[in-house]
Q: 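Handing you this structure, nothing more for now.
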Amino acid sequence: AEEIGKSEESAMWQSRAQALLERMISTMWDEEAGLFWATHHQKPVDVITPFNLFPLWTGKLSDAMVEKMIKKLTSPELFWGQNSIPTVAFNDKKFTEGTMWRGPIWANINFFMIEALERSKRYALARELRKKTLDLIANSPGIFEYYNPITGAPPPTAAPAFSWTAAVFIELSIQAAFDTINKK
């Protein structure tokens, strides 16, 4: 709205976004855990997933909150293995490496987290996750729906020739090429 000269609409959307951010922090942020809890019927969902870290995507959290969340993301016990990021933390009781949305790596989730890291000014970490994601896909026998977070292999139930994984691979490859050209 701002870009096309609709300053009143822009102000309204910015105000709504700020109110939503404040509500998320007041109702979902857990200072002790260092992450946001998803809720269901106003109760925290007791599973640690990358979604607990997605508020990084706002790029508007305090430095202290960001640091706590980055520690979670980069913890090898939770998310930061050779192949990252599992859809459920490695040490969570619900983690299952081969079951859809219970542990496997999805390229689109990594893509969102790369953007979240960039918006949070964690550029080196974003590049590292991008490289891990590109390597995971490039070293696979094909482009699959999801990958085992421990071995990197596609589980038997993962769909082959999966379009959004292909789209993510292309976009991240272009980003990597631009970084090489611009020597970032």
Q: Counting heavy atoms not belonging to K93, are there more than 12 under 6.0 Å from its NZ?
A: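 It does: K93 NZ has more than 12 such atoms within range.
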Q: Do R102 and E97 pass the side-chain contact (heavy atoms from CB on, under 4.5 Å) test, and can you show the C-alpha distance, the side-chain angles, and the key distance before you say yes or no?
A: CA-CA 7 Å; R102 294 289 180 224; E97 66 191 68; over 6 Å; no
Q: side-chain contact (heavy atoms from CB on, under 4.5 Å), that's the test. Do W37 and W29 meet it? Break it down for me.
A: CA-CA 6 Å; W37 289 108; W29 173 248; over 6 Å; no
Q: Would you say the side-chain atoms of N108 pair up with the backbone N or O of V168, donor to acceptor, closer than 3.5 Å?
A: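 Not a single qualifying donor-acceptor pair exists.
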Q: Backbone N or O of V88 within a donor-acceptor pair of the T49 side chain at under 3.5 Å?
A: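 Here the side-chain-to-backbone pair does not exist.
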Q: Decide whether Y123 and W57 are clustered together by the hydrophobic rule: side chain heavy atoms of Ile, Leu, Val, Met, Phe, Trp, Tyr closer than 4.5 Å, transitively.
A: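 Different hydrophobic clusters.
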Q: Just checking E171: does its CD atom have more than 12 heavy atoms from other residues, nucleotides or ligands closer to it than 6.0 angstrom?
A: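 Counting other residues, nucleotides and ligands, CD of E171 exceeds 12 neighbours.
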Q: If you look at every heavy atom in A33 and K72, which pair is closest and at what distance?
A: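 Closest heavy-atom pair between A33 and K72: O-CE, 2.5 Å.
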Q: Return yes if some donor-acceptor pair links the side-chain N/O of N148 with the main-chain N/O of P154 below 3.5 Å, else return no.
A: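 Pair absent, no side-chain N/O of N148 close to backbone of P154.
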Q: So, do L134 and R130 sit near enough that their side-chain heavy atoms are less than 4.5 Å apart?
A: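 Heavy-atom side-chain distance check passes, below 4.5 Å.
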Q: Linking I/L/V/M/F/W/Y whenever their side-chain heavy atoms sit closer than 4.5 Å, directly or via other members, would I170 and I137 fall into one cluster?
A: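 Result: no, two separate clusters.
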Q: Quick check: do P160 and I143 have side-chain heavy atoms less than 4.5 Å from each other?
A: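 The answer is no; the side chains never approach within 4.5 Å.
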Q: Going from CE on M65 to CG on L35, what distance comes out if it is rounded to the nearest 0.5 angstrom?
A: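 So the gap between those two atoms works out to 10.0 Å.
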Q: Hey, is the main chain of A158 close enough, under 3.5 Å, to the side chain of E145 for a donor-acceptor pair?
A: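 A pair under 3.5 Å: no.
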Q: Going hydrophobic residue to hydrophobic residue with side-chain gaps under 4.5 angstrom, can you get from L73 over to V47?
A: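 No.
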Q: Return the minimal non-hydrogen interatomic distance between M100 and W106, and the atom names on each side.
A: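 Smallest heavy-atom distance, with atoms named: CG-CZ2, 3.6 Å.
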Q: With side-chain contact (heavy atoms from CB on, under 4.5 Å) as the criterion, how do L129 and F79 come out once you've worked through the C-alpha distance, each side chain's angles and the decisive distance to 0.1 Å?
A: CA-CA 11 Å; L129 181 54; F79 297 111; over 6 Å; no
Q: For S10 and A1, work out which heavy atoms get closest and say how close.
A: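 The answer is N-CB, 3.6 Å.
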Q: Taking S120 for the side chain and R122 for the main chain, is one N or O donor matched with an acceptor at less than 3.5 Å?
A: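 No: the side chain of S120 does not pair with the backbone of R122.
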Q: Is there a side-chain contact between E31 and K68 (heavy atoms, below 4.5 Å)?
A: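 Result yes, sub-4.5 Å side-chain heavy-atom pair found.
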Q: Taking all heavy atoms of P149 and all of P104, pick out the closest pair and write down the distance.
A: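 Answer, listing the atom of P149 first, then P104: CD-CA, 3.8 Å.
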Q: Do F90 and F95 have ring centres separated by under 6.0 Å?
A: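 Here the rings of F95 and F90 have centres that are less than 6.0 Å from each other.
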Q: Can you confirm whether the side chains of T87 and Y146 place a donor and an acceptor under 3.5 Å from each other?
A: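 No.
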Q: Going hydrophobic residue to hydrophobic residue with side-chain gaps under 4.5 angstrom, can you get from M24 over to L56?
A: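 Per the 4.5 Å side-chain linkage, M24 and L56 are co-clustered.
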Q: Would you confirm whether T99, through its side chain, and T96, through its main-chain N or O, come within 3.5 Å as a donor-acceptor pair?
A: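 The answer is no, because no donor-acceptor pair under 3.5 Å joins these two groups.
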Q: Report yes if some heavy atom in the side chain of F111 is under 4.5 Å from a heavy atom in the side chain of Q175; otherwise report no.
A: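 They are in side-chain contact.
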Q: Could you tell me which non-hydrogen atom of I114 sits nearest to which non-hydrogen atom of A126, and how far apart they are?
A: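 Shortest heavy-atom separation between I114 and A126 comes out as O-CB, 3.8 Å.
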Q: When clusters are formed by joining ILVMFWY residues with side-chain heavy atoms under 4.5 Å apart, either directly or through shared neighbours, do W164 and F169 land in the same one?
A: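 Yes, W164 connects to F169 through the hydrophobic network.
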Q: Using 30° and 60° as the class limits, which term best fits the ring planes of F51 and W101: parallel, tilted or perpendicular?
A: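 Aromatic pair F51/W101 classed tilted.
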Q: Measure from NZ or CZ of K132 to the centre of the six-membered ring of W80 and say whether it is under 6.0 Å with the direction within 45° of the ring axis.
A: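 The answer is yes; both the distance and angle limits are met.
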Q: Side chains of Q14 and Q18: donor-acceptor distance under 3.5 Å anywhere?
A: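 No, no side-chain donor-acceptor pair sits under 3.5 Å.
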Q: Pick one: which of N83, T165, N139, T133 meets side chain to side chain contact (heavy atoms under 4.5 Å, CB included) with Y147?
A: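 The residue from N83, T165, N139, T133 that satisfies side chain to side chain contact (heavy atoms under 4.5 Å, CB included) with Y147 turns out to be T165.
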Q: Please identify each residue that fulfils side chain to side chain contact (heavy atoms under 4.5 Å, CB included) with A11, with sequence neighbours left out.
A: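 Partners of A11 by the side chain to side chain contact (heavy atoms under 4.5 Å, CB included) criterion come out as none, since no residue qualifies.
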Q: Could you go through the side-chain contact (heavy atoms from CB on, under 4.5 Å) check for L117 and I70 one step at a time?
A: CA-CA 9 Å; L117 290 166; I70 295 297; 3.4 Å; yes
Q: Ignoring hydrogens, what is the shortest heavy-atom contact between P50 and I85? Give both atom names and the distance.
A: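 Heavy atoms only, the tightest pair is CG-CG2, 3.7 Å.
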Q: Determine yes or no for a side-chain-to-main-chain donor-acceptor pair under 3.5 angstrom, with R23 supplying the side chain and L21 the backbone.
A: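 Checked: no pair found.
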Q: Are D46 and K94 close enough, and set up right, to give a salt bridge (Lys or Arg N to Asp or Glu O under 4.0 Å), and what steps lead you there?
A: CA-CA 9 Å; D46 188 24; K94 301 274 184 166; over 6 Å; no
